[in-house]
Amino acid sequence: MADKLQRSDVTLDTIVSLCKRRGIIFPGSDIYGGLQGTFDYGPVGAELKRNVKNAWWRSMVQERFDIEGVDTSLLLHPAVWTASGHVENFTDPLCDSLGPSRKRYRADHIEETECAKFVLVDVTDNAAPKTLDTEIWAPTKKKAKEFFQQWYEKALGLEGRRVKIEEVEGSRTTGRFSPDDGGRLTEARQFNLMLSTTLGPVEESSAKVFLRPETAQGIFINYENARATARRKLPFGIAQQGKSFRNEITPRNFIFRTREFEQMEMEFFCKPGEFCKEGEQSDMEWFEFWRNERLQWYIRYGIQPANLRFYDHPKEKLSHYSRGTTDIEYLYPIGWQELEGIAHRGNFDLTQHMEHSGKDLRYFDPDANTHYVPYVIEPAAGVDRAMLAFLCDAYREEIVTSGEEGEGGKESRRVVLGLHKDLAPVKAAVFPLLKNRPELVETAKKIAADLKRFTNAVYDDTAAIGKLYRRQDEIGTPFCVTVDVDSMEDQAVTVRERDSMQQVRIPLDRVVAYLRDQLQG
RNA sequence: GCGGGAGUAGCUCAGUGGUAGAGCUUCAGCCUUCCAAGCUGAAUGUCGCGGGUUCAAGUCCCGUCUCCCGCUCCA
């Protein structure tokens, strides 16, 4: 029946357009021209987002015996971020080339190289050579010439003129220069990725505080409170969902990188390997466990396994707190990108908070009869990134042939979000086949009301039946119920399934129970 | 921040100095016995925002904001 659209044909624009059209996601502050790096979730998107979060909470907290949930403050004591290393490390030193490329670099990504200074001499007029006030830093004259041809010739308007490139004697030195145009670099400026605000009525005298760049620290500083009150022994986890803020240099790619975003993080506290007895899972084994567990979660909720993969961070690229990090990457329309990070944070965070707060956060292990600081495995997922992945993976366009048994069937396009039923924003829609028959309308409304008592259902009669189905397909509604003229006779209705478009006849008095079974199964 | 591209109806876009348009969507009515049907009618725009040139600006100029692509970043 349907020619499925290739994965590579789904562009981000297609998803953005659908999101706006169907009330899933809008640009933030839209009527004021937008605010970079912010997005608002609409009527349908709010349901989808809630469902994603609930699915995570269900897997990570509800279905497990070893994880507790918390909900901590967005504003934390400034000392938290000193202890966590974010004040010091959560910064990018940036510098710009003073050459014509004007390129910007991470200062720590530029390697020191031995270069000499080259100057340009305009010898178009042989009798009066003119030395230009421009310097190019390059390891060789050949390289300097390349830079000249790529950037300087045009920038300085020297096309068609004869220019000699001369090395300045004794200028050879080791330093950092733009690898693109040989220009000097500006001083590195520290760009901290944390957003801040002030607490207190008078701004000048009030305290500067940071908006959290990750939810994890709220968990670490509550570790002992949560452990003691939940009467937990190792290993156990603490989970949290909530907003985080990062002053990203360049928010980009729809909701993939935004300045305000929502995280789903779990800190799993476990015994360091050396304290484990025979048969106990070590920290590295838990790391392995959570890598796979989190991958399976995405598959469970409908992501095609072929669109998921692991990426192990090489040691030299690890964050300041990490002993090992694996990303779960998803094949977005923009390419393979991080969906979730699973980090082995060692005992970095608790140790830091012990030192800075003066509180003892060690764990007393009755089996080993000793104190130690637990190790932490952290699966950290982005709600918005997960939503985007679910949307991209669920999106498909099909050519549908209407009409009976293929004779003179008319072809049309249908857009379907094949979302997992737990994620679908609307679970069921109820229609009267004909809206000018009061008894059909009344029955349909009654069914919708009954469904609404346990799930999100809608009633709609503002179009022909085909259009009503397609509207629901676009937002991934798994089931549609249609009340027709026969319903009055046989006391039954048609239930149409989204993906197969198959219809089954269900007695009126059983339709709610039927859908409840289908949706929970 | 730098370079390139773009902002006109809810969406996709046309409109190259002279009365703001089309298709789709949305809404209402009629009709319609299950997959975007048909007919009739309607709504919606300070042409991203601000300034300038001109008798006249969506169109030309300046500024500014936002979006997209690249450098950088990561949940």
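Note that these values count all heavy atoms, side chains included, but never hydrogens, waters or copies made by symmetry. Numbers restart at 1 for each chain; the letters A, B, ... are given by sequence-line order, proteins then strands.
From A:Phe390, atom CZ reaches atom CG of A:Asn51 across 10.5 Å, with rounding to the nearest 0.5 Å.
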Kindly give the atom pairs (protein nitrogen or oxygen, nucleotide nitrogen or oxygen) under 3.5 Å for nucleotides 38-44 of chain B.
none

Using nucleotides 28-31 of chain B, report all nitrogen or oxygen pairs with the protein that are shorter than 3.5 Å.
none

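In this entry the distance linking CZ of A:Arg471 with C1' of B:U25 reads 9 Å, nearest Å. One atom, NE2 of A:His86, and another, P of B:C74, lie 11 Å apart when rounded to the nearest Å. Rounded to whole angstrom, the span from the CD atom of A:Gln337 across to the P atom of B:U72 amounts to 12 Å. Straight-line distance from the CG atom of A:Leu12 to the C1' atom of B:C68: 10 Å, rounded to whole Å. At whole-Å resolution of the value, CZ in A:Arg257 and C1' in B:C74 are 5 Å apart. Following rounding to the nearest Å, A:Asp327 (CG) and B:C74 (P) show an atom-to-atom distance of 10 Å.
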Quiz item: What string of B, S and - do you get for nucleotides 8-13 of chain B, 5' to 3', when a contact is any protein heavy atom under 4.0 Å?
Solution: ---S--
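Among the atoms of the strands shown, only primed sugar atoms or phosphate atoms (P, OP1, OP2) are found under 4.0 Å from some heavy atom of A:Phe254. Within 4.0 Å of A:Glu329, counting heavy atoms only, lies no atom of the nucleic acid at all. No contact: A:Leu468 has no heavy atom under 4.0 Å from any strand. Residue A:Phe256 is in base contact, counting any heavy-atom pair closer than 4.0 Å across all strands shown.
Side-chain atoms of A:Arg246 and base atoms of B:C74 include no donor and acceptor less than 3.5 Å apart.
Inspection of the A:Ser244 and A:Gln263 side chains reveals an N or O donor paired with an N or O acceptor under 3.5 Å. In summary, the side chains of A:Thr482 and A:Tyr469 do present a donor paired with an acceptor at a separation below 3.5 Å, with no hydrogens or angles considered.
A side chain to side chain donor-acceptor pair (under 3.5 Å) check over residues 423-448 of chain A, counting only residues at least two apart or in different chains, returns the pairs A:Lys446-A:Asp450.
Under a cut-off of 6.0 angstrom, the local environment of CZ in A:Arg64 is crowded, with over 12 non-hydrogen atoms contributed by other residues, nucleotides or ligands.
Nucleotide B:C73: unpaired (no Watson-Crick or G-U wobble partner with both distances less than 3.5 Å). Across all strands shown, B:U46 forms no Watson-Crick or G-U wobble pair with both key distances under 3.5 Å. As the counterpart of B:U66, B:A6 is assigned, both hydrogen-bonding distances of the Watson-Crick or G-U wobble pattern falling under 3.5 Å. Across all strands shown, B:C35 forms no Watson-Crick or G-U wobble pair with both key distances under 3.5 Å. Pairing for B:G41 is with B:C27, a Watson-Crick or G-U wobble pair whose two hydrogen-bonding atom distances lie under 3.5 Å. Of all nucleotides present, none satisfies the Watson-Crick or G-U wobble test against B:A57 with each distance under 3.5 Å.
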Practice problem: Test A:Glu497 against A:Phe479 for side chain to side chain contact (heavy atoms under 4.5 Å, CB included), laying out the working first. | Solution: CA-CA 5 Å; A:Glu497 196 272 331; A:Phe479 296 102; 3.8 Å; yes
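Non-hydrogen atoms lying under 4.0 Å from RNA chain B are contributed by nothing in residues 39-55 of chain A. Of the residues in residues 259-268 of chain A, those lying under 4.0 Å from RNA chain B by heavy-atom distance are A:Phe261, A:Gln263.
In this structure A:Tyr41 satisfies the ring-ring contact (aromatic ring centres under 6.0 Å, His included) test with no other residue, sequence neighbours excluded. Residues meeting the side chain to side chain donor-acceptor pair (under 3.5 Å) test with A:Asn222, sequence neighbours left out: none. Taking the side chain to side chain donor-acceptor pair (under 3.5 Å) definition, one finds that A:Glu340 meets it with A:Arg294, A:Tyr298, sequence neighbours left out. Residues satisfying the side chain to side chain contact (heavy atoms under 4.5 Å, CB included) test with A:His353, not counting sequence neighbours, are A:Val80, A:Ala83, A:Gln217, A:Phe220, A:Ile221, A:Leu361. Looking at residues two or more places apart in sequence or on another chain, you find a side chain to side chain donor-acceptor pair (under 3.5 Å) between A:Glu262 and A:Lys49, A:Lys53.
In this pair, A:Phe289 and A:Trp286 present their aromatic rings perpendicular. The plane angle is above 60°, beyond the 30 to 60° band. Aromatic ring orientation, A:Phe254 versus A:Phe39: perpendicular (interplanar angle above 60°, classes split at 30° and 60°). Classification of the A:Phe269-A:Tyr223 ring pair by plane angle, with boundaries at 30° and 60°, yields tilted.
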Let me have the donor-acceptor pairs involving side chains of residues 501-512 of chain A, under 3.5 Å, with sequence neighbours excluded, atom names and distances please.
| unit_1 | atom_1 | unit_2 | atom_2 | d |
| --- | --- | --- | --- | --- |
| A:Arg505 | NE | A:Asp490 | OD2 | 3.3 |
| A:Arg505 | NH1 | A:Asp484 | OD2 | 3.0 |
| A:Arg505 | NH1 | A:Thr494 | OG1 | 2.9 |
| A:Arg505 | NH2 | A:Asp484 | OD1 | 3.2 |
| A:Arg505 | NH2 | A:Asp490 | OD1 | 3.2 |
| A:Arg505 | NH2 | A:Asp490 | OD2 | 3.1 |
| A:Arg505 | NH2 | A:Ala492 | O | 3.1 |

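When A:Ile299, A:Leu331, A:Asp393 are each tested for a side-chain contact (heavy atoms from CB on, under 4.5 Å) with A:Gln304, only one passes: A:Asp393.
Judged by a 6.0 Å distance limit and a 45° cone about the ring axis, A:Arg385 is positioned over the six-membered ring of A:Phe256.
Going from the C1' atom of B:C31 to that of B:C65 covers 49 Å, rounded to whole Å.
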